[in-house]
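Convention: sequence-line order gives letters A, B, ...; per-chain numbering from 1. Hydrogens, waters and symmetry mates play no part in the numbers below; they use all other heavy atoms, side chains included.
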There are 2 protein chains.
Amino acid sequence: MKPTQSELAILDVLWRQGPCTVRQVHEVVGGGYTTTLKLMQIMVEKGLVVRDEQERAHVYSPRLEKEETQGVMVRDLIDRAFGGSAAQLVMRALSAGQASDEELAAIRQMLKEYKR
Amino acid sequence: MKPTQSELAILDVLWRQGPCTVRQVHEVVGGGYTTTLKLMQIMVEKGLVVRDEQERAHVYSPRLEKEETQGVMVRDLIDRAFGGSAAQLVMRALSAGQASDEELAAIRQMLKEYKR
DNA sequence: GAGTATGTACGAAGAACTTCGTAGTGTCAA
DNA sequence: TTGACACTACGAAGTTCTTCGTACATACTC
């Protein structure tokens with residue numbers, strides 16, 4: 001499932017720091033504490049995160065890997081804005097500039113490995 | 001500006017068919033006629049499309065080229081989900097499968113031309 | 001001219017997302 | 001044991017997106 005903007009910010013903390021309490025996430029994303037709490041509760045309902053209720057302060061973990069979620073979001077954009085063509089998206093990402101020489105080199109390298 | 005899902009569907013018709021009346025768009029996107037009308041009116045306010053009111057049936061045109069809008073959407077996704085790295089997005093798009101051999105070939109070709 | 005078709009304008013309602021206040025509970029220290 | 005604090009639960013309100021009904025104007029036809 002595709003997370004919303006706020007949900008993605010929370011997931012990002014969990015991916016970077018590993019399982020966290022609401023407070024730990026809140027200290028990173030800022031805003032109101034109960035806002036973060038509410039969002040994370042909803043994310044449990046949606047299945048975006050799982051919750052360990054052993055301790056008084058519940059501990060949340062992402063249900064999917066970062067890579068999987070990125071894949072979902074890319075797939076969604078390809079379908080919605082690029083007529084289903086991954087190549088079209090890649091070309092747009094590159095021609096919209098923003099890919100440094102290092103990045104271009106990394107992409108070439110990856111394509112090379114992909115060939116096999 | 002980044003169009004919503006419904007707005008993108010409408011823009012897609014305008015990009016493919018050129019300037020259209022509400023009815024022409026509606027015949028493609030389906031749903032209720034006044035729904036399409038309302039959305040297109042809002043899109044005028046947002047500046048996503050421009051409207052020619054010469055005729056009784058107003059004629060709408062996209063304000064930005066398809067390529068520009070795609071660029072905006074890709075940029076947005078790169079910022080939100082890939083920490084600003086276009087290369088990361090490209091790699092995810094490719095490793096998430098979904099790129100056919102033809103597409104891979106096209107991307108390699110594009111990178112080749114990009115080198116110059 | 002009455003009725004029908006086609007058009008715009010616009011308000012309202014529902015759904016999803018976000019934010020916040022408040023209530024209630026458990027913990028800990030003085 | 002009382003007060004301060006940290007935590008969860010939850011309802012409500014604001015925002016944006018989407019859908020739809022209704023009102024009203026204009027044109028065409030019989």
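- Counting only heavy atoms from C-beta outward, the side chains of A:M110 and B:L94 approach each other to under 4.5 Å.
- Contacts between residues 32-43 of chain A and DNA chain C, defined by a heavy-atom separation under 4.0 Å, are made by A:G32, A:T34, A:T35, A:K38, A:I42.
- A residue-by-residue look at A:R56 and A:E7 shows that A:E7 has its nearest nucleotide of DNA chain C further toward the 5' end.
- Taking a heavy-atom distance under 4.0 Å as the criterion, the stretch of DNA chain C touched by chain A extends 5' to 3' from C:dC17 to C:dT27.
- Phosphate contact (OP1/OP2 of D:dA9, side-chain N/O of A:R51, threshold under 4.0 Å): present.
- Surrounding CD of B:E55 are at most 12 heavy atoms belonging to other residues, nucleotides or ligands under 6.0 Å away.
- Two residues are said to be in side-chain contact when any heavy atoms from C-beta on lie closer than 4.5 Å; A:V22 and A:Q41 fail this criterion.
- Other residues, nucleotides and ligands contribute at most 12 non-hydrogen atoms within 6.0 Å of the CD atom of A:E65.
- If you measure from atom CD of A:E55 to atom C1' of D:dA6, you get 14 Å, rounded to the nearest angstrom.
- Across all their heavy atoms, B:T36 and B:G30 have their closest contact at OG1-O, 3.9 Å.
- Rounded to whole Å, the distance from CD on A:Q54 to P on D:dC7 is 17 Å.
- The shortest heavy-atom contact between A:G84 and A:R75 is O-NH2, 3.6 Å.
- Within 6.0 Å of the CD atom in B:Q5, the count of heavy atoms belonging to other residues, nucleotides or ligands does not exceed 12.
- In this structure, B:E53 atom CD and D:dT26 atom C1' are separated by 15 Å, rounded to whole Å.
- Looking at B:E7 and B:I10, their side chains never come closer than 4.5 Å, going by heavy atoms from C-beta outward.
- The CD-C1' distance, from A:E27 to D:dC7, rounds to 14 Å in whole Å.
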